[in-house]
Amino acid sequence: MTIENTSPDAVRPQVSIHGLQKSFGGLRAVKHVDLNIYSGEVLAIVGDNGAGKSTLIKMLAGVVVPDEGEIQIRGEKVEINNPNDARELGIETLYQELGLVDTFNVPENIFLGRELTTTKFGVPVMDHKEMKRRTQELLERIDVQLPSLDRPVRSYSGGQRQAIAISRLLIEDVNLIIMDEPMAALGIDESSKVLRLITNLRDKGEAIVVISHNLDHVFSVADKVAVMKNGALVDVVSTDEVGHDELVTMIVSGKPHKRDQAPN
Ligand SMILES: Nc1ncnc2c1ncn2[C@@H]1O[C@H](COP(=O)(O)OP(=O)(O)OP(=O)(O)O)[C@@H](O)[C@H]1O
Ligand SMILES: [Mg+2]
């Protein structure tokens with residue numbers, strides 16, 4: 001089924017997916033999914049275990065290569081054959097294992113894999129001062145407050161570590177931020193801080209996709225929800241147009257939301 005996630009203001013999607021498919025052997029993990037993702041919006045992807053959520057976002061992240069279909073950024077077809085392609089296209093993904101190095105401090109983690117260097121007596125060395133300066137600038141820009149930047153990141157709380165991992169996605173220009181279960185390991189307080197950071201990034205105009213099993217989180221953070229079942233996209237609904245129970249029904253039944261008018 002083709003369901004268009006159309007925005008009332010008819011702006012061009014930041015990222016669009018057209019007929020994306022992936023099978024693993026005989027199993028069709030993602031079946032012909034069409035989806036639009038807009039700047040300044042949080043799109044949540046929900047569905048039962050094995051619905052195909054992670055496989056879908058892994059195709060955007062270059063971890064899984066689609067069998068069929070097309071991905072476009074602002075209307076231009078892009079080729080994403082590996083994670084590096086995705087990163088170069090400004091598609092940044094946060095996985096559940098945050099990939100922080102516990103013994104490194106905040107700037108060292110933010111710049112992990114893209115360290116800044118300078119030369120001292122003709123020898124290239126890491127530019128700690130500049131990395132710290134740019135880290136401070138970044139954290140200020142996205143309103144993340146940390147007590148200090150110099151401590152090893154293992155000494156921060158779960159929510160602060162999550163914020164550091166999210167900040168890292170933004171050190172370069174991004175087109176799309178993808179998060180797979182970003183609140184999964186966090187307590188209530190920490191979750192609400194991360195949810196606030198996500199809405200804050202949304203308000204600054206980022207396009208954000210969040211996978212979550214927690215529908216309270218989905219309702220508090222998402223503008224739209226894409227429901228998947230057995231690899232297929234069931235429907236895309238606005239969080240204003242459905243309630244908690246209706247969303248659960250869609251996830252379980254795999255039936256689209258009943259509307260007065262058919263979606264166009
Ligand atoms: N690399 C793989 N090889 C074989 N099968 C896979 C592979 N990755 C995913 N699958 C299968 O594809 C289907 C979709 O999996 P996927 O991980 O996308 O689901 P999900 O919606 O993210 O589930 P969950 O909520 O449990 O994370 C599942 O049946 C899964 O077993
Ligand atoms: Mg998953």
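Order of listing sets the numbers, starting from 1, for every ligand and every atom in it.
The shortest heavy-atom distance from Val64 to ligand 1 is not under 4.0 Å.
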Audit row: Asn230, Arg28, side-chain hydrogen bond (donor to acceptor under 3.5 Å, both in side chains) steps and yes/no: CA-CA 8 Å; Asn230 298 333; Arg28 292 178 70 203; over 6 Å; no
Could you give me the CA-CA distance, side-chain angles and deciding distance for Arg114 and Glu172, then say whether salt bridge (Lys or Arg N to Asp or Glu O under 4.0 Å) is met? CA-CA 10 Å; Arg114 36 195 167 190; Glu172 277 161 25; 3.4 Å; yes
Can you check salt bridge (Lys or Arg N to Asp or Glu O under 4.0 Å) on Asp223 and Arg202, steps first, answer last? CA-CA 10 Å; Asp223 301 287; Arg202 185 268 316 275; 2.9 Å; yes
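The number of heavy atoms from other shown groups lying within 6.0 Å of CG (Asn81) is above 12. The environment of NZ in Lys129 is sparse: at most 12 heavy-atom neighbours from other residues, nucleotides or ligands sit within 6.0 Å. Heavy-atom contacts from other residues, nucleotides or ligands closer than 6.0 Å to CZ of Phe104 number 12 or fewer.
The residue among Ser212, Ser54, Gly50 with a heavy atom at the shortest distance from atom 14 (C) of ligand 1 is Gly50.
For atom 1 (N) of ligand 1, the closest non-hydrogen atom of the protein is Phe24 CE2, 3.6 Å. For atom 26 (O) of ligand 1, the closest heavy atom belonging to the protein is Asn49 ND2, 2.8 Å. With respect to atom 16 (P) of ligand 1, the closest heavy atom belonging to the protein is Thr55 OG1, 3.5 Å.
Note on the Mg ion (ligand 2): protein N/O/S atoms under 2.8 Å are Ser54 OG.
No N or O atom of Gly47 sits closer than 3.5 Å to an N or O atom of ligand 1. Between Ala29 and ligand 1, not a single N/O pair is under 3.5 Å apart. Residue Gly52 places at least one N or O, backbone or side chain, under 3.5 Å from an N or O of ligand 1.
Legend: salt bridge (charged side-chain N to carboxylate O under 4.0 Å, His left out) pairs involving residues 46-73, not counting sequence neighbours, sorted by first then second residue: Lys22-Asp67.
Counting heavy atoms closer than 4.0 Å to ligand 1, residue Leu27 contributes side-chain atoms (C-beta onward) but none from N, CA, C or O. In Met228, neither the side chain nor the backbone holds a heavy atom less than 4.0 Å from any atom of ligand 1.
Asp180 places no side-chain N or O within donor-acceptor distance of the main-chain N or O of Ile211, the cut-off being under 3.5 Å.
For the pair Arg133 and Glu130, the salt-bridge criterion is met [side-chain N within less than 4.0 Å of a carboxylate O].
Residue Asp48 has at least one heavy-atom neighbour below 4.0 Å for each of these atoms of ligand 1: 21 (O).
Leu116 is connected to Ile110 through a chain of hydrophobic side-chain contacts under 4.5 Å among Ile, Leu, Val, Met, Phe, Trp and Tyr, so both are in one cluster.
Minimum interatomic distance between Ala207 and Ile37 (heavy atoms only, all atoms of both residues): CB-CG2, 4.1 Å.
Shown here, atom 20 (P) of ligand 1 is in close reach of the protein: a heavy atom of it lies under 4.0 Å off.
Looking at Leu20 and His32, their side chains never come closer than 4.5 Å, going by heavy atoms from C-beta outward.
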